[in-house]
Amino acid sequence: MPIDYKKELNPAQLDAVMHERGPALVIAGAGSGKTRALVFRVARLVESGVPASSILLLTFTRRAANEMLTRAKTLLKRERFGVMGGTFHSVANLVLKSHAGLVGYPHGFVIIDRTDSEAVLKLLADELDLIKKRRSFPKKAALADIISRSVNTEKPIEEVLFRFYPLHEPFLGEIETLASAYAGYKVRQRFMDFDDLLTNMIRLLGENPEVRGQLGQRFKHILVDEYQDVNRLQANIVKLLGADHGNVMVVGDDSQSIYSFRGADFRNILEFPEIFPEARVIKLEENFRSTQPILDAANAIIHGAQRGYTKCLFTVREGGERPYLAVLPDEAAQSRFVADQVAGLISEGLKLPEIAVLFRAGFHSFDLEVELNRRGVPYVKHGGVRFVEAAHIKDLLAHLRLLVNPGDLISWHRALLLVERVGPKTVRRVLHALGESPSLEGFFGFVEKEGGKTPGLLNLAKLLGKLSTEKFTVSEMVGLVKRYYEPMLKAKFENHPKRLGELEYVEDWTAKYAGLREFLDEVALDPLETSGNNGSGEFLTISTVHSAKGLEWRAVFVISLLEGRFPSIRSMDDPDDLEEERRLLYVASTRAKEKLFFSYPVWVFDRGSGRAFAEPSRFLMELPPESVHLLEQRGHEQMFAEKVQARRDARFPPGTRVVHDILGTGVVVEVVTDDKVRVRFHDGSLRLLHLGYANLEPA
DNA sequence: ATAGGGATATTTTTT
DNA sequence: ATATCCCTAT
């Protein structure tokens, strides 16, 4: 029986679903059923005779793609239907696999994740002797971020430094050298990082019209979810894929762009009609998720945004309460408050899975987690440190990677350092002995010749020998590495039982993989879901705003949403910060169903001491008072002032003029060394000054 | 040369 | 939680 679209959808959704050919831009406010519209559109296309295999659905997370495809299949009552769906990265991976030679990888490639690329950068920086003795050369994480930002925004490194890393501007030359060394190294090692997947896809499509033509024939309908989160590269891919037929529908909400840190630019959604001039614009403004008071607050929040497709959310849900804004003096009070409120909601009859606590960064929940544990409240945490980034998982994977790619110096480094009586010097000697093209045989030869003194190396050689010469399933390989690694794990970590359990989990999890290579590729693109739960049965959800997509609750807490933190004390005057803050709060608020609690302070950490104190947020205070219930504000600002004074007194002798007064002046200070600070003034100028004393001299 | 301890710095968010 | 640096003991 065909689907009754008219009955299932409102007029705006129906419009999007029934749209025939040509480009379309669907501007969909939060909770307006955009996912539903996309799912129904996929079903509609298939039902009206479009071959499923000619539909391509692009999303940002694999989970989103799977969910949507599953829903579409359910609608169509089919087991499978061959619609291609996935992330930009996974689709690029698939396409590039069959055309690797055309982009300079004649022997194929392996995907390296962020951690690997940081390790490569460190290796190259050491090798090129860039670090020298000068202080404050950027850490590898910063280097990776700078280079990746430059690639993703298609902006020169100089501009990225000026904009985001003024502290590292003196190293412009070194970073540029490093960036080009990195690019060369990856090609030689047959590596592609996440950014390469996108740039090489663009190169492939741009330089090879015949490949683009084939793909245009293959994918006659392109649908893109969360288009506000695409960066320049991804926008380019959409443009190239749609160039031949123009059947491109993108869906998004310019107010919900939350990935600026990885180069996402909501201007791409604003500019879509320029790339596809024929584009129809369809707006979904009817919210099905939240009550009107929540939407009033959400509307008030986005009201201040400077540019965008103006929309005003309205709802079909009656009643509901205004959101609460609780101002609390410190983090412990915040945790107690949330736990108390949760207990209250439970006694009102809500179930734990109907309640969520959202926050910006994984570590914002640490204190709350302690409180929840103390009270025996079971929770599941989404976001934060990812599974594959845990040290023991990386150790395990390093050994497996050597089997797939013996040239992987990073993995050699990691695996060798674990061996008893092997340190940096020995690692260097081994790697030197392995030469230009390292191989397992080369390593075995080295061990035979020189491994007499270190039985650990012999064991490693035995393990790798066994794994490479005999036939094993992926699970069996994991098991063998696990057995070899177990003693080291016990020596290295206090909490080894938990970690060992996680290795066993990987062992089970890999049962579904036919090949090692397949497993490693997938684990790079789709790391196992983190779930730090502490019980069984029903859970409270605690999650970063970013990881919370697609979930709905009846009560939501938003904690520590705002954050100022050393070393670059973020300025609430910075328009970008305010914009980001607005978006996060908007996203959080429109995901609430009934009750919404904001509770903050902003956490400001003092270097070294770890002491934190709270700062009232100007932005939250700007919320129209009638849009929230304000709780517990008394005493807060005074407490803050006292803490600031105490910190000053502790750090500077009496009579000292303190420069880093972030409160009234809006001046931003970044500490360079113990006695030097870099100050950014209102006009944007930067100066390096000696810290703290009355005679401020340029350093 | 390496191990081990302790202090220190940094850490968002995702592919 | 992890990496890094600096120290001392082996």
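Heavy-atom basis, side chains included; hydrogens, waters and symmetry copies ignored. Residue numbers begin at 1 in each chain, while the letters A, B, ... track the order of the sequences. These numbers come from a predicted model, not from an experiment.
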Does any part of the side chain of A:M192, heavy atoms only, come nearer than 4.5 Å to the side chain of A:N200, both counted from C-beta? yes

Identify whether the distance between the nearest side-chain nitrogen and carboxylate oxygen of A:K34 and A:D253 falls below 4.0 Å. no

Report which part of the nucleic acid A:R428 touches: base, sugar-phosphate, or nothing (heavy-atom distance under 4.0 Å, all strands). nothing

Residues forming a ring pair (Phe, Tyr, Trp, His ring centres under 6.0 Å) with A:Y182, sequence neighbours excluded: none

Closest to the A:H89 side chain, choosing from B:dT15, C:dT2, B:dA1: B:dT15

Mind checking whether A:L372 and A:L540 have side chains closer than 4.5 Å, heavy atoms only? yes

Among A:V404, A:N405, A:I111, A:V110, which one satisfies side-chain contact (heavy atoms from CB on, under 4.5 Å) with A:L520? A:V404

Starting at CG of A:L197 and ending at C1' of B:dT14, how long is that distance when rounded to a whole Å? 14 Å

Going by ring pair (Phe, Tyr, Trp, His ring centres under 6.0 Å), name the residues that satisfy it together with A:F88, two or more places apart in sequence or in a different chain. A:F60

Rounded to the nearest angstrom, tell me the gap between atom CD1 in A:I542 and atom P in B:dT12. 18 Å

CG of A:L58 versus C1' of B:dT15: gap in Å, rounded? 13 Å

I need the CZ-C1' distance between A:R429 and B:dA1, as an integer number of Å. 10 Å

Between atom CZ in A:F359 and atom C1' in B:dT12, what is the gap in whole Å? 11 Å

Atom pair distance, as rounded to whole Å: CZ in A:F194 and P in B:dT14: 12 Å

Side-chain N,O (A:R499) to OP1/OP2 (C:dA1) below 4.0 Å: no

Between protein and nucleotides 4-10 of chain C, what N or O pairs are separated by less than 3.5 Å?
residue	atom	partner	partner atom	Å
C:dT4	OP1	A:K140	NZ	3.4

Under 4.0 Å between a side-chain N/O of A:K394 and OP1 or OP2 of C:dA3, yes or no? yes

Could you give the CD-to-P distance, from A:E226 to B:dT15, as a whole number of Å? 12 Å

Quickly work out the A:D145 CG to B:dT14 C1' distance and round it to whole Å. 12 Å

Look at A:E118 together with A:K122 and state whether they make a salt bridge at an N to O cut-off of under 4.0 Å. no

